[in-house]
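Just below is one structure, and these are the notes that go with it.
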Amino acid sequence: MKITPGNLTRHEIIGMEAHVVMSSDPGHVCRRGLIADESKEMIHISTETGNIMVSKMTSVFDFTLPNGTVVRVDGHKLRGTPENRIKKRQSRRW
Amino acid sequence: MPKKRPRQSEAKRLARARIKLLWKQASEIAKTDPEGARQRMKVAFKVAQKVRIKVPQEIKKKICRRCGMVLVPGENCRVRIRNNRSKHLTVTCIACGNITRYYVR
Ligand SMILES: [Zn+2]
């Protein structure tokens, strides 16, 4: 199954390219890199200037899908462990 | 009204795609970043467990059952054909010393 904007929140985000658009930590804003790991509350991004851990709840991300489209996702929608996200249903409000 | 869950079959298809994706990444970085590869396969097994599907046999054989390392022959595992009692293949993980035997008919 391909990754689409519709199922991104239930699909795998490890290995995707991410860009932090907004964050409560000003040091993390505008940093981009590949996602190395994911836990319940945090996303580990390996950037050119070292690895950073960004909180999911207080950030907004831009993901670059494998086919090149860029999707902006509120980190709040990605809460939960990677294996728990697979069964979550998103109420569509955009 | 109770919230409807996505259909089970859809979750399973999604999970299979995720496992395939994780395995592709893990096998690519197995040599340069073994710890990262191990972490990815850990997530893959968790995903499989959640939706109650099996991780494909050919992927399982390339992972150490004790420490979860991605095995690369000649790099971090030893593969030998042995012939006592019956012909079999032994795969030894060099990191933890776990031995897995596969019988060859
Ligand atoms: Zn091992």
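Below, chains carry the letters A, B, ... as their sequence lines are ordered, and counting in each starts from 1.
Taken together through direct or relayed side-chain contacts under 4.5 Å among Ile, Leu, Val, Met, Phe, Trp and Tyr, A:Val71 and A:Val20 form part of one hydrophobic cluster. A:Phe63 and A:Leu34 end up in different hydrophobic clusters when Ile, Leu, Val, Met, Phe, Trp and Tyr side chains are linked at under 4.5 Å. In the hydrophobic clustering of ILVMFWY residues, with side-chain heavy atoms under 4.5 Å counting as a link, A:Val60 and A:Leu8 come out apart. A single hydrophobic cluster is not seen to contain both B:Tyr103 and B:Leu89; linkage of ILVMFWY side chains at heavy-atom distances under 4.5 Å, directly or through other members, places them apart. Placement of B:Leu71 and B:Val55 in two distinct hydrophobic clusters is found when ILVMFWY residues are connected by side-chain heavy-atom separations under 4.5 Å, directly or transitively.
For the residue pair A:Pro82 and B:Val43, the shortest heavy atom distance occurs at CB-CG1, 4.0 Å. Of all non-hydrogen atoms in B:Arg40 and A:Ile35, the two that sit nearest each other are NH2-O, 3.8 Å.
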Stepwise side chain to side chain contact (heavy atoms under 4.5 Å, CB included) check, A:Asn84 with B:Lys50: CA-CA 8 Å; A:Asn84 274 328; B:Lys50 192 81 197 172; 2.8 Å; yes

Verdict with supporting geometry, B:Gln39 and A:His44, side chain to side chain contact (heavy atoms under 4.5 Å, CB included): CA-CA 12 Å; B:Gln39 185 59 36; A:His44 304 225; over 6 Å; no

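In this structure, A:Lys87 and B:Val51 have side chains that are in contact, with non-hydrogen atoms separated by less than 4.5 Å.
Within the 4.5 angstrom heavy-atom criterion, only side-chain atoms of B:Leu21, from C-beta onward, approach chain A. If you measure heavy-atom distances from B:Leu22 to chain A, the contacts under 4.5 Å come from the side chain alone.
Atoms NE2 and CG, on A:His11 and B:Leu14 in that order, are 5.0 Å from each other to the nearest 0.5 Å.
The number of heavy-atom neighbours closer than 6.0 Å to CE of A:Met22, taken from other residues, nucleotides and ligands shown, is 12 or below.
The choice from B:Lys24, B:Arg16, B:Gln25 that makes the most heavy-atom pairs within less than 4.5 Å of chain A is B:Gln25.
A salt bridge links B:Arg18 with A:Glu12: the closest approach of a Lys/Arg side-chain nitrogen to an acidic carboxylate oxygen falls below 4.0 angstrom.
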